[in-house]
J.: 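This is the structure I have questions about; it appears just below.
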Amino acid sequence: DTRHHEYQEIKSRIHQELRYPESARRALQEGRTKVLAAIDARGNIAELMMLESAGDHALDQAAINAVKRAAPYPELANRSVAIPLTFKLR
């Protein structure tokens, strides 16, 4: 299914750009966020919003930054995607 493939590609790009904030690492902060990205037909971010907070500002900001750095995305037919991102120390 094309939509599933597009979603997986978007998710993969974002995960490649995800950086664990040093301040959160030092504070042993972990969490899960969910970011909603509206992507226009050219693959640019038209709108970005936090659907679920990780409970830590640095983690939330790192999630937003990863979505921004991963753009532009594959050209889509004006679409919004919700991307869950998990920050877990190893």
Side-chain angles (χ1 to χ4, degrees):
D1 162 288
T2 302
R3 280 198 165 302
H4 179 73
H5 176 74
E6 289 171 347
Y7 174 79
Q8 291 302 326
E9 185 173 341
I10 290 166
K11 189 174 170 184
S12 175
R13 282 180 182 220
I14 293 169
H15 278 274
Q16 289 174 8
E17 295 296 335
L18 195 60
R19 308 287 182 267
Y20 215 114
E22 190 55 40
S23 62
R25 188 182 301 280
R26 281 193 308 272
L28 304 177
Q29 289 291 329
E30 295 182 330
R32 182 172 188 261
T33 66
K34 188 179 282 186
V35 178
L36 179 69
I39 301 169
D40 69 20
R42 291 181 310 263
N44 297 312
I45 298 170
E47 187 176 350
L48 193 55
M49 99 196 255
M50 182 68 59
L51 292 179
E52 293 176 19
S53 172
D56 179 81
H57 177 73
L59 295 179
D60 291 346
Q61 193 59 53
I64 294 287
N65 291 343
V67 174
K68 288 178 179 178
R69 277 194 305 271
Y73 293 97
E75 293 185 4
L76 306 169
N78 293 334
R79 171 169 185 196
S80 292
V81 291
I83 307 291
L85 297 165
T86 302
F87 292 90
K88 183 142 181 73
L89 294 168
R90 297 177 195 198

J.: Going by the rule salt bridge (charged side-chain N to carboxylate O under 4.0 Å, His left out), which residues pair with Glu30 if we only count those two or more places apart in sequence or in a different chain?
T.: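 Applying salt bridge (charged side-chain N to carboxylate O under 4.0 Å, His left out) to Glu30 gives Lys88.
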
J.: Side-chain atoms of residues 46-61: list all donor-acceptor pairs with protein atoms under 3.5 Å, sequence neighbours left out, distances to 0.1 Å.
T.:
unit_1	atom_1	unit_2	atom_2	d
Ser53	OG	Gly55	N	2.9
Ser53	OG	Asp60	OD1	3.4
Ser53	OG	Asp60	OD2	2.6
Asp56	OD2	Ala58	N	3.2
Asp56	OD2	Leu59	N	3.1
Asp60	OD1	Ala54	N	2.7
Gln61	NE2	Asn65	OD1	3.1

J.: Salt-bridged, Glu9 to Arg13, with N to O below 4.0 Å?
T.: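 Salt bridge flag = yes for Arg13 with Glu9.
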
J.: State whether the side chain of Arg69 and the backbone N or O of Val67 hold a donor-acceptor pair below 3.5 Å, judged by distance alone.
T.: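 Flag not set: sc Arg69 to bb Val67 has no pair under 3.5 Å.
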
J.: For Lys68, check salt bridge (charged side-chain N to carboxylate O under 4.0 Å, His left out) against everything at least two apart and list the hits.
T.: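 Not a single residue meets the salt bridge (charged side-chain N to carboxylate O under 4.0 Å, His left out) criterion with Lys68.
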
J.: Drop me the distance from Arg19's CZ to Glu22's CD, to the nearest 0.5 angstrom.
T.: 13.5 Å

J.: Can you find a heavy atom in the side chain of Val81 that is under 4.5 Å from one in the side chain of Tyr73?
T.: no

J.: Is Ile10 linked to Leu36 within one hydrophobic cluster, defined over Ile, Leu, Val, Met, Phe, Trp and Tyr using a side-chain heavy-atom separation of less than 4.5 Å?
T.: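 Different clusters.
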
J.: Please identify each residue that fulfils side chain to side chain contact (heavy atoms under 4.5 Å, CB included) with Ala27, with sequence neighbours left out.
T.: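 Checked Ala27 against side chain to side chain contact (heavy atoms under 4.5 Å, CB included); matches are Gln29.
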
J.: Which heavy atom in Thr86 sits nearest to a heavy atom in Leu18, and how many Å separate them?
T.: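 Distance-wise, the nearest heavy atoms are O-CD2, 4.3 Å.
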
J.: Within the structure provided, determine whether Asn44 and Ile39 are in side-chain contact (heavy-atom separation under 4.5 Å).
T.: no

J.: Go through the structure and list residues passing side chain to side chain donor-acceptor pair (under 3.5 Å) with Arg25, not counting sequence neighbours.
T.: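 Testing Arg25 for side chain to side chain donor-acceptor pair (under 3.5 Å), a comparison that skips the adjacent residues, returns none.
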
J.: State, with a plain yes or no, whether a side-chain heavy atom of His4 is found less than 4.5 Å away from one of Glu6.
T.: no

J.: What heavy-atom pair brings Ala82 and Pro84 nearest, and what distance separates the two atoms?
T.: O-CD, 3.7 Å

J.: May I have all residue pairs that pass ring-ring contact (aromatic ring centres under 6.0 Å, His included) and include part of residues 12-52, sequence neighbours excluded?
T.: Tyr20-Phe87

